[in-house]
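Here the structure comes first, spelled out in structure tokens, and everything after it is commentary.
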There are 2 protein chains.
Amino acid sequence: MELREPKDLDRDLCPIVSAISEIGDKWILLILRESFIGARRFDEFQENLQVSKSVLSNKLNKMLELELLQKVSYKNPGERTRHEYRLTRKGKDLGKVIISLLNWGNTYLLEEGKETIVITDTAEFKPVGLELVNSKGDKLKLRDTAIKVGRLK
Amino acid sequence: MELREPKDLDRDLCPIVSAISEIGDKWILLILRESFIGARRFDEFQENLQVSKSVLSNKLNKMLELELLQKVSYKNPGERTRHEYRLTRKGKDLGKVIISLLNWGNTYLLEEGKETIVITDTAEFKPVGLELVNSKGDKLKLRDTAIKVGRLK
DNA sequence: CTGTATCCTCTTGGATACTG
DNA sequence: CAGTATCCAAGAGGATACAG
């Protein structure tokens, strides 16, 4: 892989821009949060997010298009067939984005002594963090990183 | 620290919401990206982002208020005094958010064979990743995590 | 319950002109 | 160069009504 300095990067083609244009939207981020917490039905999202139905409808459809969510049909005995919105692999892989946002919010935006959401491990239920690792899996600090431009694979 | 299930979380007070309301904005995220790449002056941001001056002015002021950026005066010999926008600690700590967005974008949104931004280590200049770690520093998988509600410290 | 369509308002962003 | 002020157009979001 060949790398160079980002002086003359074509910024419109940067994947951060693409990522932001897909999920850099308040409602989409909030729907993702609800999905990670476990919401799956239209009215669950609406109830939890206090959003109008038209906006919710638009955003859910957009997220289906982007393949962040998929619509899955299911049927409970005695009920009619329903469908629910589940995270796709692409959507689940936003977990680290959500966690990084959450951890930053807990550090800088949380009022002292207030309750908050925490992501924990399932062994001891203590908060988990995110660490930078190099290609060998060793941890490193942000200051030991560089921004480059290149072609992956 | 006492933790419970997130069933009855007051979602308006969730730090993900606070985080999103501070930085869940296309322009703010893009200004952050430029700052991480190294931009500091008004016209650098404007040139690189192709944004109107009025919007840029508004967003920069908002970011000063939020203390994501700080305005620093400096003077080169023979020039008049200038000032530049630098990331604060709070702003720099968004590094992991930006990197998680970038890595996700490189995985799911990048066209094959196309150039992109990559964050590398400074030793071998190979791409870095983000790993979940528990309180002891051991790595773990997303599926070995849980979402809880509680009071930190 | 799970949506879509319509209307109406408020906000966002671009263009332009102006200032130190 | 480094912004601010003003005006205008387009889009986002809420409320409401309607449909399968």
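Residue numbers begin at 1 in each chain, while the letters A, B, ... track the order of the sequences.
Taking CG from A:Leu32 and NZ from A:Lys59, the interatomic distance works out to 12.0 Å, rounded to the nearest 0.5 Å.
Regarding A:Glu47, its CD atom lies at a distance of 15 Å from the C1' atom of C:dT2, rounded to whole Å. In this structure, the CG atom of A:Leu49 is 12 Å from the P atom of D:dG13, given to the nearest Å. Across the protein-nucleic acid pair, A:Glu44 atom CD and C:dG3 atom C1' stand 16 Å apart, rounded to whole Å. Taking atom CD of B:Gln46 as the reference point, atom P of D:dA2 lies 10 Å away to the nearest angstrom. Note: CG (B:Leu64) to C1' (D:dA2) measures 13 Å, nearest angstrom. As a whole-Å value, the separation of B:Asn61 CG from D:dA2 C1' is 12 Å. Taking atom CZ of B:Phe45 as the reference point, atom C1' of D:dA2 lies 13 Å away to the nearest angstrom. One can place CD1 of A:Ile28 at 11 Å from P of D:dA12, the figure rounded to the nearest angstrom.
Look at B:His83 and you'll find a side-chain N or O under 4.0 angstrom from OP1 or OP2 of D:dG3. One finds a side-chain N or O of B:Arg41 lying less than 4.0 angstrom from the OP1 or OP2 phosphate oxygen of D:dA2.
In this structure B:Lys148 satisfies the salt bridge (charged side-chain N to carboxylate O under 4.0 Å, His left out) test together with B:Glu5, sequence neighbours excluded.
Among the heavy atoms of the strands lying under 4.0 Å from A:Tyr85 are primed sugar atoms or P, OP1, OP2 only; no base atom is included.
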Could you encode protein contacts along nucleotides 10-19 of chain C as a string, one character per nucleotide from 5' to 3', using B for base contact, S for sugar-phosphate-only contact and - for no contact, with a heavy-atom cut-off of under 4.0 Å? ---SBB----
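Under the salt bridge (Lys or Arg N to Asp or Glu O under 4.0 Å) criterion, the residue pairs touching residues 98-112 of chain A are A:Glu111-A:Lys114, A:Glu112-B:Lys153, with sequence neighbours excluded.
For the residue pair B:Asn106 and B:Thr116, a side-chain donor N or O sits within less than 3.5 Å of a side-chain acceptor on the partner. Judged by distance alone, the side chains of B:Ser100 and A:Ser100 do bring a donor and an acceptor atom under 3.5 Å apart.
Counting non-hydrogen atoms of other residues, nucleotides and ligands closer than 6.0 Å to NZ of A:Lys126 gives a total of 12 or fewer.
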Show your working on side chain to side chain contact (heavy atoms under 4.5 Å, CB included) between B:Glu34 and B:Leu49 and close with a plain yes or no. CA-CA 8 Å; B:Glu34 288 305 310; B:Leu49 298 178; 3.6 Å; yes
